[in-house]
Amino acid sequence: MLHAIASRKTRHHRRYHGERDGSEAKVSEEDEITSTVLGPLEFMDVEDGFQFWQSVIKNSGTAFSLPETPPGQIRYEFWPRRQASDNSGRIEPDLLVTLRWPDGLSRWLLVELKWRAPLSGQDQLHRQWLSFLNAEERANALHIFIAPTIAAGAEAISHSNVWGERGLSLISWLQIRSTLRELSRKKSGIGYWSAISDHFLEAIGIRRYHGIRNIEYNEIDIPMQLPSSVFWKQSA
Amino acid sequence: MASLDGKTITASFNLISKVCSEVDALYEQLSNLFTSSINQLATETDTPWLVAGAPVEDLSEDDSGWLHRDALFALPLKSKGKGNRKIQGHLGFQISLAGDGVLIPGYNEPLLHVFLWTGDEEPNFEEGYFHYFPIPDDVSAPFEILSSRLVHWGNSDGTWDEKAWTFSLKIFDLATIDDLHHQVIKPMISLLTGARADEALPDSLSALVRYPEKAELVQLPE
């Protein structure tokens with residue numbers, strides 16, 4: 001998918017701009033984007049995957065930090081499903097990343113991604129943090145909300161801040177692009193993945209502001225004055 | 001008067017389309033910067049207010065209904081304290097590309113208005129609760145211009161919900177993410193935390209609009 005879009009072989013990504021062919025009953029944009037962008041992390045070296053999450057966390061400005069040395073193992077669970085600890089039904093966040101170091105240290109990243117859709121209920125994020133993670137995980141976890149606009153995450157915090165000083169980390173897709181651009185200079189697999197994923201996000205509408213003064217515009221495109229055609233007609 | 005031809009119209013639309021694409025990115029980026037910086041300020045410092053719910057967003061239309069000329073984004077704020085649920089103000093921005101949102105004498109170009117407004121009324125275009133010029137010289141809402149750079153309503157020594165303000169920037173001179181941080185977010189936070197107009201909005205801000213005398217702002221430019 002990433003390669004097909006980069007080489008202009010498909011228009012499939014137009015669906016993420018809201019285009020529909022009319023025959024599909026349900027379009028799972030969020031899940032497809034999650035899988036397309038973050039799925040390849042599961043196939044990468046532990047060191048490469050660690051670099052990505054390390055950069056995302058550092059760029060987000062949160063007080064939470066990971067150790068400087070890469071872990072021995074990173075486990076990715078997409079859409080993990082658990083019974084809520086308060087018996088309020090099942091909870092299914094988008095991604096749970098478990099990082100384990102050889103000395104027994106563990107860290108968890110609980111990730112919810114949105115694509116131009118509201119949260120599933122006002123307490124979706126609160127339930128994930130309080131009733132999906134167990135106490136040990138919560139004490140060593142960062143909850144990350146990634147969306148084109150982060151307002152829904154900020155609203156969740158203002159409604160009730162259950163995350164305390166560590167906070168719920170609000171990250172726009174544009175910030176993810178900044179991280180990808182940083183990493184795209186690397187020579188290993190993560191460099192190429194970052195470059196092509198950055199391109200994918202641009203193609204699906206996560207655009208950087210370049211300034212209206214930098215718009216490429218050719219002055220002859222828009223004639224501002226009446227051409228002196230009358231004069232030429234007279235002399236012909 | 002110049003005569004019009006089809007190619008000019010199409011070329012103009014192509015240009016507008018490029019402008020809109022940039023403005024869309026500007027809007028999304030600014031809405032995220034407003035949300036994250038206000039959220040950070042409220043978590044890390046003891047602010048007298050907190051964000052009171054979902055942001056307000058609106059688009060204006062021209063008479064034909066085909067063109068959006070302005071867009072606005074605002075975060076509702078209320079004072080901290082138990083049982084206090086009423087919205088007391090909105091902090092946000094308005095992007096105006098044409099129409100009465102840009103009619104400041106000497107400017108008439110794409111402008112960004114950054115504001116804190118008091119009261120529980122939601123900013124919106126339909127009911128006329130947005131930035132337009134000339135500014136109504138209403139006895140119930142008298143205003144003054146501070147240091148030629150800030151429109152100020154209410155009591156400048158009062159609490160956060162007793163005063164309202166607006167400053168404006170030329171969008172043409174906002175070209176990078178650094179510009180958005182230094183010329184929009186930083187002055188907004190300074191004003192919100194009590195800085196004076198000339199401290200929060202120094203001459204070094206290249207995009208800053210200098211307002212004319214109040215007398216010129218309350219009447220249509222000639």
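The figures here come from the full heavy-atom set of this structure, side chains too, leaving out hydrogens, waters and symmetry mates. Note that this is a predicted model, so its numbers are computed, not measured.
Remark: Lys170(B) NZ is packed, more than 12 non-hydrogen atoms of other residues, nucleotides or ligands lying under 6.0 Å away.
Residue contact with chain A, scored on non-hydrogen atoms closer than 4.5 Å, involves the side chain of Asn39(B) exclusively. Only the side chain of Leu170(A) has a heavy atom closer than 4.5 Å to any heavy atom of chain B. Neither the backbone nor the side chain of Ile38(B) comes within contact range of chain A; no heavy atom of the residue lies under 4.5 Å from a heavy atom of that chain. Of the two parts of Ser36(B), the backbone and the side chain both hold a non-hydrogen atom closer than 4.5 Å to a non-hydrogen atom of chain A. Within the 4.5 angstrom heavy-atom criterion, no atom of Asn14(B) approaches chain A. For chain A, no part of Leu50(B) is nearby; none of its heavy atoms comes within less than 4.5 Å. When heavy atoms are compared at a cutoff of 4.5 Å, Ser21(B) approaches chain A by way of both its backbone and its side chain. For chain B, no part of His159(A) is nearby; none of its heavy atoms comes within less than 4.5 Å. Residue contact with chain A, scored on non-hydrogen atoms closer than 4.5 Å, involves the backbone and the side chain of Ile171(B) alike.
The closest side-chain donor-acceptor pair between Trp79(A) and Asp31(A) falls under 3.5 angstrom.
Exactly one of Arg181(A), Arg208(A), Arg177(A) qualifies for a salt bridge (charged side-chain N to carboxylate O under 4.0 Å, His left out) with Glu202(A). That residue is Arg177(A).
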